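Structure, as C-alpha coordinates:
Quantities reported herein were computed from a predicted structural model and do not represent experimental measurements. Along the sequence shown, the residues carry numbers beginning at 1.
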Amino acid sequence: MTLAKGIHFLQSKRAKTLSLAEVFRMSESEAETAFRKIRWAETEGQPVCPECGGLEPYEFRRPTGLLRFRCKACARNFSITSGTLFASHKAPLRAYLAAIAVFMNEVKGKNALALSRDLGMSHKACWVLLHKVREAMAEEFRGRKIGGKNKVAEVDGAYFGGYVKPANIKEHRIDRRYLANQSGKRKSVVIVRERNGNSLPAVFASEGAALSWIKSRVEAGTLVNADDASGWNNLASKYEMKRINHSEAYSKDGACTNQAESYFSRLRRAEMGHHHHVAGPYLLRYAQESAWREDARRTDNGAQVRRVTELALKSKPSVDFSGYYQRHRA
Ligand SMILES: [Zn+2]
(Lines give C-alpha, C1' and ligand atoms only; values in the text may rest on other atoms or scores of the structure.)
Protein backbone atom coordinates (compact mmCIF):
# COMPACT_ATOMS: atom_id res chain seq x y z
CA MET A 1 0.00 0.00 0.00
CA THR A 2 1.38 3.40 -0.92
CA LEU A 3 0.03 6.38 0.91
CA ALA A 4 0.94 10.03 0.74
CA LYS A 5 3.64 10.79 3.26
CA GLY A 6 2.37 11.45 6.76
CA ILE A 7 -1.13 10.16 6.07
CA HIS A 8 -2.33 7.32 8.22
CA PHE A 9 -4.45 4.66 6.50
CA LEU A 10 -7.51 5.67 8.50
CA GLN A 11 -7.16 9.26 7.29
CA SER A 12 -6.90 8.23 3.66
CA LYS A 13 -9.74 8.16 1.13
CA ARG A 14 -9.23 4.44 0.68
CA ALA A 15 -10.30 3.78 4.26
CA LYS A 16 -13.65 5.50 3.72
CA THR A 17 -15.78 3.75 1.15
CA LEU A 18 -19.18 3.95 2.87
CA SER A 19 -20.63 6.87 4.77
CA LEU A 20 -23.71 7.01 6.95
CA ALA A 21 -24.94 9.82 4.71
CA GLU A 22 -24.87 7.37 1.82
CA VAL A 23 -26.90 4.80 3.76
CA PHE A 24 -29.48 7.45 4.66
CA ARG A 25 -29.80 8.49 1.02
CA MET A 26 -30.73 4.89 0.15
CA SER A 27 -34.37 3.91 -0.26
CA GLU A 28 -35.58 0.83 1.62
CA SER A 29 -35.69 -1.07 -1.67
CA GLU A 30 -32.04 -0.15 -2.34
CA ALA A 31 -31.15 -1.46 1.12
CA GLU A 32 -33.08 -4.65 0.33
CA THR A 33 -31.14 -5.03 -2.91
CA ALA A 34 -27.86 -4.61 -1.01
CA PHE A 35 -28.88 -7.32 1.48
CA ARG A 36 -30.13 -9.63 -1.29
CA LYS A 37 -26.85 -9.36 -3.17
CA ILE A 38 -24.96 -10.30 -0.02
CA ARG A 39 -27.26 -13.13 1.05
CA TRP A 40 -27.74 -14.64 -2.41
CA ALA A 41 -24.43 -13.73 -3.99
CA GLU A 42 -24.34 -16.82 -6.23
CA THR A 43 -27.67 -15.89 -7.92
CA GLU A 44 -26.82 -12.16 -7.99
CA GLY A 45 -29.50 -11.32 -5.46
CA GLN A 46 -32.28 -13.55 -6.81
CA PRO A 47 -33.97 -15.20 -3.80
CA VAL A 48 -33.42 -18.89 -3.15
CA CYS A 49 -35.90 -20.77 -0.93
CA PRO A 50 -34.07 -21.67 2.31
CA GLU A 51 -36.26 -24.78 2.64
CA CYS A 52 -36.04 -26.48 -0.78
CA GLY A 53 -33.67 -24.32 -2.85
CA GLY A 54 -36.52 -23.30 -5.18
CA LEU A 55 -35.90 -20.28 -7.41
CA GLU A 56 -38.08 -17.41 -8.67
CA PRO A 57 -40.58 -17.18 -5.80
CA TYR A 58 -43.57 -14.81 -5.78
CA GLU A 59 -42.80 -11.44 -4.19
CA PHE A 60 -45.23 -9.60 -1.94
CA ARG A 61 -45.26 -7.08 0.88
CA ARG A 62 -46.74 -7.41 4.33
CA PRO A 63 -49.09 -4.58 5.42
CA THR A 64 -46.05 -3.34 7.41
CA GLY A 65 -44.18 -2.97 4.12
CA LEU A 66 -41.72 -5.78 4.82
CA LEU A 67 -40.75 -7.71 1.70
CA ARG A 68 -41.67 -11.41 1.66
CA PHE A 69 -41.31 -14.27 -0.81
CA ARG A 70 -43.45 -17.37 -1.36
CA CYS A 71 -41.69 -20.37 -2.83
CA LYS A 72 -43.45 -21.75 -5.95
CA ALA A 73 -42.17 -25.25 -5.22
CA CYS A 74 -42.89 -25.74 -1.51
CA ALA A 75 -45.19 -22.77 -0.76
CA ARG A 76 -43.05 -21.67 2.17
CA ASN A 77 -42.96 -17.95 2.98
CA PHE A 78 -39.59 -16.41 3.66
CA SER A 79 -37.83 -13.05 3.85
CA ILE A 80 -34.35 -11.79 3.01
CA THR A 81 -33.27 -12.60 6.56
CA SER A 82 -35.18 -15.86 7.21
CA GLY A 83 -32.97 -18.51 8.75
CA THR A 84 -30.17 -16.01 9.44
CA LEU A 85 -28.91 -14.11 12.46
CA PHE A 86 -31.19 -11.20 11.49
CA ALA A 87 -34.30 -13.41 11.23
CA SER A 88 -37.67 -11.87 12.14
CA HIS A 89 -36.27 -8.35 12.14
CA LYS A 90 -38.73 -5.64 13.05
CA ALA A 91 -36.87 -2.55 11.85
CA PRO A 92 -36.40 -1.76 8.15
CA LEU A 93 -33.23 -3.19 6.59
CA ARG A 94 -31.92 0.31 5.96
CA ALA A 95 -31.82 0.78 9.74
CA TYR A 96 -29.82 -2.44 10.05
CA LEU A 97 -27.37 -1.22 7.44
CA ALA A 98 -27.12 2.14 9.20
CA ALA A 99 -26.59 0.44 12.57
CA ILE A 100 -23.77 -1.71 11.18
CA ALA A 101 -22.19 1.31 9.49
CA VAL A 102 -22.27 3.32 12.72
CA PHE A 103 -20.90 0.35 14.65
CA MET A 104 -18.01 -0.19 12.24
CA ASN A 105 -17.14 3.50 12.07
CA GLU A 106 -16.36 3.50 15.78
CA VAL A 107 -12.92 1.98 16.20
CA LYS A 108 -13.15 0.93 19.85
CA GLY A 109 -16.82 0.01 20.12
CA LYS A 110 -20.32 1.43 20.16
CA ASN A 111 -22.66 1.65 23.08
CA ALA A 112 -26.30 0.64 22.44
CA LEU A 113 -27.66 3.72 24.18
CA ALA A 114 -25.67 6.00 21.88
CA LEU A 115 -26.80 3.99 18.85
CA SER A 116 -30.43 4.28 19.95
CA ARG A 117 -30.01 8.07 20.00
CA ASP A 118 -28.30 8.02 16.58
CA LEU A 119 -31.04 6.00 14.92
CA GLY A 120 -34.16 6.83 16.94
CA MET A 121 -34.65 3.16 17.84
CA SER A 122 -35.30 1.71 21.29
CA HIS A 123 -32.31 0.97 23.51
CA LYS A 124 -33.34 -2.67 23.78
CA ALA A 125 -33.64 -3.13 20.01
CA CYS A 126 -30.19 -1.59 19.55
CA TRP A 127 -28.69 -3.64 22.38
CA VAL A 128 -29.94 -6.89 20.85
CA LEU A 129 -28.92 -5.80 17.35
CA LEU A 130 -25.36 -4.97 18.41
CA HIS A 131 -25.03 -8.29 20.21
CA LYS A 132 -26.19 -10.05 17.05
CA VAL A 133 -23.52 -8.19 15.11
CA ARG A 134 -20.94 -9.39 17.67
CA GLU A 135 -22.28 -12.90 17.28
CA ALA A 136 -21.74 -12.56 13.52
CA MET A 137 -18.17 -11.40 14.10
CA ALA A 138 -17.63 -14.42 16.34
CA GLU A 139 -18.21 -16.67 13.32
CA GLU A 140 -14.89 -15.44 11.98
CA PHE A 141 -13.08 -17.21 14.82
CA ARG A 142 -14.84 -20.56 14.60
CA GLY A 143 -12.22 -23.27 14.10
CA ARG A 144 -9.50 -20.69 13.40
CA LYS A 145 -5.91 -21.91 13.79
CA ILE A 146 -2.99 -19.62 14.43
CA GLY A 147 0.64 -19.90 13.33
CA GLY A 148 2.55 -22.81 11.84
CA LYS A 149 6.09 -23.42 10.63
CA ASN A 150 8.15 -20.20 10.43
CA LYS A 151 5.26 -18.22 11.88
CA VAL A 152 5.49 -16.03 14.97
CA ALA A 153 2.66 -15.55 17.46
CA GLU A 154 2.18 -13.59 20.68
CA VAL A 155 0.24 -14.85 23.68
CA ASP A 156 -0.99 -12.75 26.58
CA GLY A 157 -3.81 -12.52 29.09
CA ALA A 158 -5.55 -9.77 31.05
CA TYR A 159 -8.31 -9.68 33.62
CA PHE A 160 -11.68 -8.09 32.92
CA GLY A 161 -14.95 -7.72 34.78
CA GLY A 162 -15.97 -8.30 38.36
CA TYR A 163 -15.49 -4.73 39.48
CA VAL A 164 -16.33 -4.31 43.15
CA LYS A 165 -17.20 -0.74 44.06
CA PRO A 166 -15.37 0.46 47.17
CA ALA A 167 -17.64 1.36 50.08
CA ASN A 168 -18.22 5.03 50.82
CA ILE A 169 -17.01 4.96 54.46
CA LYS A 170 -13.39 3.91 54.87
CA GLU A 171 -14.10 1.46 57.74
CA HIS A 172 -16.58 -0.42 55.54
CA ARG A 173 -14.06 -0.97 52.76
CA ILE A 174 -12.75 -4.45 52.10
CA ASP A 175 -9.48 -5.67 50.63
CA ARG A 176 -10.50 -6.38 47.07
CA ARG A 177 -7.30 -8.33 46.40
CA TYR A 178 -8.68 -11.32 48.31
CA LEU A 179 -10.64 -13.85 46.31
CA ALA A 180 -13.35 -13.98 48.98
CA ASN A 181 -13.95 -10.25 48.55
CA GLN A 182 -14.29 -10.40 44.77
CA SER A 183 -17.52 -10.81 42.83
CA GLY A 184 -16.46 -14.03 41.11
CA LYS A 185 -17.09 -12.38 37.73
CA ARG A 186 -13.45 -11.55 37.12
CA LYS A 187 -12.27 -13.51 34.10
CA SER A 188 -9.09 -13.74 32.08
CA VAL A 189 -9.24 -12.78 28.41
CA VAL A 190 -6.47 -14.59 26.56
CA ILE A 191 -5.36 -13.46 23.12
CA VAL A 192 -3.21 -15.25 20.57
CA ARG A 193 -2.01 -13.05 17.71
CA GLU A 194 -0.03 -14.14 14.71
CA ARG A 195 2.35 -11.45 13.49
CA ASN A 196 1.12 -10.30 10.06
CA GLY A 197 -1.80 -12.65 10.57
CA ASN A 198 -4.99 -13.21 12.50
CA SER A 199 -6.04 -13.04 16.14
CA LEU A 200 -7.92 -15.46 18.32
CA PRO A 201 -9.44 -14.47 21.69
CA ALA A 202 -10.99 -16.61 24.45
CA VAL A 203 -12.17 -16.23 28.03
CA PHE A 204 -11.05 -18.38 30.98
CA ALA A 205 -11.32 -18.41 34.74
CA SER A 206 -7.53 -17.94 34.83
CA GLU A 207 -4.60 -17.76 32.43
CA GLY A 208 -3.52 -21.24 33.52
CA ALA A 209 -6.82 -22.67 32.32
CA ALA A 210 -6.00 -21.43 28.80
CA LEU A 211 -2.97 -23.67 28.19
CA SER A 212 -4.69 -26.66 26.56
CA TRP A 213 -6.83 -24.33 24.42
CA ILE A 214 -3.70 -22.53 23.19
CA LYS A 215 -2.07 -25.85 22.33
CA SER A 216 -5.15 -26.93 20.37
CA ARG A 217 -5.42 -23.70 18.36
CA VAL A 218 -1.77 -22.71 17.80
CA GLU A 219 -0.03 -24.95 15.27
CA ALA A 220 3.18 -26.77 16.11
CA GLY A 221 6.28 -25.03 14.75
CA THR A 222 5.06 -21.56 15.77
CA LEU A 223 7.55 -19.36 17.59
CA VAL A 224 5.55 -18.18 20.61
CA ASN A 225 6.27 -14.86 22.33
CA ALA A 226 5.04 -14.37 25.88
CA ASP A 227 5.91 -12.31 28.94
CA ASP A 228 7.83 -13.86 31.82
CA ALA A 229 4.74 -14.84 33.87
CA SER A 230 5.31 -18.39 35.07
CA GLY A 231 1.84 -19.40 33.86
CA TRP A 232 3.14 -19.59 30.29
CA ASN A 233 6.16 -21.83 31.08
CA ASN A 234 4.18 -24.94 30.25
CA LEU A 235 3.85 -23.83 26.60
CA ALA A 236 7.56 -24.56 26.12
CA SER A 237 6.68 -28.27 26.06
CA LYS A 238 5.15 -27.73 22.59
CA TYR A 239 6.63 -24.51 21.20
CA GLU A 240 9.92 -22.74 20.83
CA MET A 241 9.47 -19.61 22.94
CA LYS A 242 10.75 -16.07 23.32
CA ARG A 243 10.10 -14.43 26.68
CA ILE A 244 10.06 -10.75 27.47
CA ASN A 245 10.38 -9.32 30.96
CA HIS A 246 8.32 -6.13 30.89
CA SER A 247 10.04 -4.71 33.94
CA GLU A 248 13.24 -4.64 31.81
CA ALA A 249 11.94 -3.74 28.35
CA TYR A 250 8.88 -3.90 26.12
CA SER A 251 10.89 -5.33 23.25
CA LYS A 252 14.26 -7.05 23.48
CA ASP A 253 16.19 -9.39 21.16
CA GLY A 254 13.13 -9.76 18.94
CA ALA A 255 10.94 -10.81 21.85
CA CYS A 256 7.81 -8.75 22.49
CA THR A 257 4.08 -8.97 23.00
CA ASN A 258 3.29 -5.52 21.63
CA GLN A 259 0.51 -6.73 19.31
CA ALA A 260 -1.18 -8.55 22.16
CA GLU A 261 -0.83 -5.37 24.24
CA SER A 262 -2.39 -3.30 21.49
CA TYR A 263 -5.34 -5.71 21.43
CA PHE A 264 -5.85 -5.31 25.19
CA SER A 265 -5.58 -1.56 24.86
CA ARG A 266 -8.45 -1.61 22.35
CA LEU A 267 -10.59 -3.90 24.52
CA ARG A 268 -9.83 -1.86 27.65
CA ARG A 269 -10.85 1.36 25.86
CA ALA A 270 -14.06 -0.28 24.66
CA GLU A 271 -14.75 -1.18 28.28
CA MET A 272 -13.87 2.20 29.77
CA GLY A 273 -15.14 4.46 27.00
CA HIS A 274 -18.27 2.72 25.79
CA HIS A 275 -19.56 -0.12 27.91
CA HIS A 276 -18.27 0.63 31.45
CA HIS A 277 -18.60 -3.00 32.50
CA VAL A 278 -17.82 -5.97 30.32
CA ALA A 279 -18.37 -9.13 32.31
CA GLY A 280 -20.43 -12.25 32.61
CA PRO A 281 -21.71 -14.07 29.55
CA TYR A 282 -21.02 -11.19 27.15
CA LEU A 283 -17.33 -10.75 27.92
CA LEU A 284 -16.39 -13.25 25.22
CA ARG A 285 -18.46 -11.32 22.66
CA TYR A 286 -16.72 -8.04 23.52
CA ALA A 287 -13.36 -9.82 23.36
CA GLN A 288 -14.24 -11.19 19.92
CA GLU A 289 -15.43 -7.79 18.73
CA SER A 290 -12.14 -6.13 19.67
CA ALA A 291 -10.14 -8.92 18.01
CA TRP A 292 -12.23 -8.56 14.85
CA ARG A 293 -11.60 -4.81 14.85
CA GLU A 294 -7.84 -5.33 15.33
CA ASP A 295 -7.68 -7.73 12.40
CA ALA A 296 -9.77 -5.44 10.17
CA ARG A 297 -8.06 -2.19 11.19
CA ARG A 298 -6.59 -1.73 7.71
CA THR A 299 -9.73 -2.71 5.82
CA ASP A 300 -11.90 0.10 4.45
CA ASN A 301 -15.18 0.68 6.28
CA GLY A 302 -17.43 -0.29 3.36
CA ALA A 303 -15.73 -3.69 3.16
CA GLN A 304 -16.05 -4.09 6.94
CA VAL A 305 -19.82 -3.43 6.79
CA ARG A 306 -20.14 -5.86 3.90
CA ARG A 307 -18.17 -8.57 5.71
CA VAL A 308 -20.14 -8.28 8.95
CA THR A 309 -23.45 -8.31 7.03
CA GLU A 310 -22.25 -11.35 5.09
CA LEU A 311 -21.33 -13.16 8.32
CA ALA A 312 -24.73 -12.33 9.82
CA LEU A 313 -26.62 -13.55 6.74
CA LYS A 314 -24.59 -16.76 6.64
CA SER A 315 -25.20 -17.47 10.33
CA LYS A 316 -28.14 -19.35 11.75
CA PRO A 317 -30.62 -17.46 13.99
CA SER A 318 -29.01 -16.11 17.14
CA VAL A 319 -28.08 -18.56 19.88
CA ASP A 320 -27.72 -15.65 22.30
CA PHE A 321 -30.95 -13.83 21.50
CA SER A 322 -33.55 -16.04 19.80
CA GLY A 323 -36.84 -15.05 21.34
CA TYR A 324 -35.12 -12.53 23.58
CA TYR A 325 -38.10 -10.16 23.38
CA GLN A 326 -40.58 -12.94 24.13
CA ARG A 327 -38.68 -14.08 27.21
CA HIS A 328 -38.11 -10.58 28.53
CA ARG A 329 -41.51 -9.03 28.07
CA ALA A 330 -41.76 -7.81 31.62
ZN1 LIG B 1 -39.22 -23.96 -1.27
Item to complete: Find the distance between CZ (Arg36) and CG (Leu93) and round it off to the nearest 0.5 Å.
Response: 11.0 Å

Practice prompt. Look at atom CZ of Arg61 and say whether more than 12 heavy atoms of other residues, nucleotides or ligands are closer to it than 6.0 Å.
Written response: yes

Worksheet entry | Donor on one side chain, acceptor on other, Ser199 and Asp295, under 3.5 Å | yes

Worksheet entry | Glu219/Lys145 under salt bridge (Lys or Arg N to Asp or Glu O under 4.0 Å): CA gap, chis, key distance, verdict | CA-CA 7 Å; Glu219 306 275 17; Lys145 299 273 186 171; 5.3 Å; no

Worksheet item: So, for Trp232 and Tyr239, is the gap between ring centers shorter than 6.0 Å?
Response: no

Response to the item:
When every non-hydrogen atom of Arg268 is compared with those of Tyr159, the smallest separation belongs to NH2-O, 2.9 Å

Worksheet item: In terms of side-chain heavy atoms, does Trp292 have a donor or acceptor partner in Glu140 at a distance below 3.5 Å?
Response: yes

Discussion item. Taking CD in Glu59 as the centre, count heavy atoms belonging to other residues, nucleotides or ligands within less than 6.0 Å. Is the count above 12?
Written reply: yes

Worksheet entry | Partners meeting side-chain contact (heavy atoms from CB on, under 4.5 Å) with Arg217 (sequence neighbours left out) | Arg144, Leu200, Trp213

Worksheet item: Is the number of heavy atoms from other residues, nucleotides or ligands under 6.0 Å of Lys252 NZ greater than 12?
Response: no

Worksheet item: Where is the tightest heavy-atom contact between Asp118 and Val102, given as atom of each residue plus distance?
Response: OD2-CG1, 3.6 Å

Practice prompt. State whether Phe103 and Arg293 meet the cation-pi test: NZ (Lys) or CZ (Arg) under 6.0 Å from the six-membered ring centroid, and within 45° of the perpendicular axis.
Written response: yes

Worksheet item: Looking only at side chains, do Arg193 and Asn198 share a donor and an acceptor under 3.5 Å apart?
Response: no

Discussion item. Just by distance, no angles: are the side chains of Asn234 and Lys215 close enough, under 3.5 Å, to form a donor-acceptor pair?
Written reply: yes

Worksheet item: Would you say the side chains of Arg307 and Gln304 form a donor-acceptor pair under 3.5 Å?
Response: no

Discussion item. Going by side-chain hydrogen bond (donor to acceptor under 3.5 Å, both in side chains), Glu154 matches just one of Lys242, Arg195, Gln259. Which one?
Written reply: Arg195

Practice prompt. Mind running side-chain contact (heavy atoms from CB on, under 4.5 Å) on Glu240 and Val224 for me, showing each step along the way?
Written response: CA-CA 6 Å; Glu240 187 189 335; Val224 174; over 6 Å; no

Fill in: Value rounded to 0.5 Å, distance of CZ in Arg134 from NZ in Lys132
13.5 Å

Item to complete: Kindly indicate whether a cation-pi arrangement holds for Lys187 with Phe204, taking the cut-offs as under 6.0 Å to the six-membered ring centre and within 45° of the axis.
Response: no

Item to complete: Check the pair Phe60, Asn77 against side-chain contact (heavy atoms from CB on, under 4.5 Å), reporting the backbone distance first and the verdict last.
Response: CA-CA 10 Å; Phe60 64 100; Asn77 285 347; 4.1 Å; yes

Fill in: Ser79/Phe86 under side-chain contact (heavy atoms from CB on, under 4.5 Å): CA gap, chis, key distance, verdict
CA-CA 10 Å; Ser79 73; Phe86 291 156; over 6 Å; no

Worksheet item: Could you walk me through whether Val308 and Met137 pass the side-chain contact (heavy atoms from CB on, under 4.5 Å) check?
Response: CA-CA 6 Å; Val308 165; Met137 289 172 149; 4.2 Å; yes

Discussion item. Is it the case that over 12 heavy atoms from other parts of the model lie below 6.0 angstrom from the CD atom of Glu56?
Written reply: no

Fill in: salt bridge (Lys or Arg N to Asp or Glu O under 4.0 Å) evaluation trace for Glu139 with Lys314
CA-CA 9 Å; Glu139 281 300 305; Lys314 276 184 183 161; over 6 Å; no

